[in-house]
Amino acid sequence: MATRVGFRTRLRVLAMVALIAVIAGDGRFALAQEKKHASAPEYLFNDSHFHLTNYIQKGTDIHRYLDIMGDVVGRSTLFGIPLQQEWSYANSGDFAPTYYLQTDAPLYYYSFTDAYIARAYQSLPKEQQARLDPMITGFNPADMYAVDHIRRVLELFPGVFSGIGEFTIHKEFVSSKVAGETASLTNPALDRIMDFAAEAGLAVIIHNDIDMPFAKVGTEPVYLTQMKGMLRRHPNTTIIWAHTGLGRVVHPSQSQATSEPGVERSPAHREIVADILSDPTLRHVCFDISWDEVAKYAISSPEIEKRTAQLLNSYPDRFLFGTDNVAPPDQATQLRVYHLWDPIWAQLTPDASFKIRRGNYERIFDAARVKVRAWEKANVKPM
Ligand SMILES: [Zn+2]
């Protein structure tokens with residue numbers, strides 16, 4: 001008997017020990033999960049549109065930018081501005097302009113921006129580099145030789161770049177200020193750039209105002225047909241159309257006839273965007289919703305907020321959030337644009353919200369990295 005009780009007791013003890021081990025194991029598992037969670041913060045967004053430097057090639061120190069990203073911005077594109085504002089003494093005297101609206105002097109392409117961005121990126125440790133996607137911008141899209149510049153940058157800085165852009169074809173007061181030939185959507189130089197982007201796997205961010213400034217209400221946006229034509233000529237290029245084609249003075253309300261106060265301001269722009277999204281020949285085209293100017297249109301009334309959210313929910317794979325900040329001084333500046341969208345974030349499905357804030361960025365830029373590295377491996381001879 002005594003032996004049997006002892007046996008049972010031992011069994012019970014063994015069972016208890018096993019149970020404790022399981023509980024403890026569970027605890028350890030939960031702790032490990034928690035730790036994993038703590039080391040991979042729930043980032044609010046990836047920034048698909050970010051300028052480290054401004055129109056006079058000055059900006060945020062790259063290490064400072066990583067601090068600003070902190071545990072808020074997971075990953076970010078990284079580019080300067082390809083255009084340099086000339087300081088013409090004859091025009092503004094001792095006043096040193098830092099923005100294109102501050103002087104009549106021309107802008108010119110400053111190709112050195114690409115070397116600057118590459119060196120800034122290379123100064124970071126590997127785990128910080130992994131959070132950034134540098135982009136090539138320092139080429140003149142009206143120049144048949146532009147593509148040679150892009151290729152040269154890949155050759156000189158292999159392992160760095162994921163794409164090209166933001167570069168600009170039509171932009172309100174900028175296009176006409178650029179020295180030399182005005183860029184055009186019908187220029188074969190642009191086709192060469194888009195072809196090469198497809199060949200090398202470079203993701204493209206293109207700024208092209210859909211319309212001229214102060215266009216007549218109710219007329220078809222003047223650059224829309226040309227833009228669609230250009231996009232259709234390059235079905236194998238991954239293209240992000242910046243700001244959904246809107247600009248500082250190219251408002252959504254200008255492309256349609258109903259502009260009475262209190263009335264829906266801008267069905268036409270959303271229809272144009274929806275048309276492109278539902279067009280099977282334009283499946284390679286996404287839009288970024290960057291720039292606080294774009295956010296302001298999107299949140300200009302509860303009705304417009306609702307319709308914008310409907311559009312984003314209908315095509316969750318085709319929009320990317322970005323700030324379009326230029327050389328931000330702090331994290332608050334980085335977050336301000338994000339929070340302008342709060343009324344719309346609140347109306348998105350969890351799926352659409354995640355994809356637009358983070359998922360689409362990762363899909364597009366992860367694919368670009370793999371393709372560009374493969375192109376470099378096949379085409380760049382070690383120096
Ligand atoms: Zn921009």
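Side chains included, hydrogens not; waters and symmetry mates left out as well; all remaining heavy atoms used. Order of appearance sets the numbers: ligands from 1, and atoms from 1 within every ligand. Since we're looking at a predicted model, the values are computed, not measured.
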Under the salt bridge (Lys or Arg N to Asp or Glu O under 4.0 Å) rule, what pairs show up with a residue in residues 275-292, not counting sequence neighbours? Arg232-Asp279, Asp292-Arg336

With sequence neighbours excluded, residues passing side-chain hydrogen bond (donor to acceptor under 3.5 Å, both in side chains) with Ser76: Tyr65

Taking the Zn ion (ligand 1) as the apex, His49 NE2 and Glu166 OE1 span an angle, rounded to 10°, of 90°

Which N, O or S atom name in Asp324 marks its closest approach to the Zn ion (ligand 1)? OD1

I'd like to know whether the aromatic ring centres of Tyr109 and Phe139 sit less than 6.0 Å apart in this structure. no

Would you say Met230 and Ile272 are hydrophobically clustered, going by side-chain heavy atoms of ILVMFWY under 4.5 Å? yes

Is any N, O or S atom of His243 under 2.8 Å away from the Zn ion (ligand 1)? no

Are any N, O or S atoms from His207 nearer to the Zn ion (ligand 1) than 2.8 Å? no

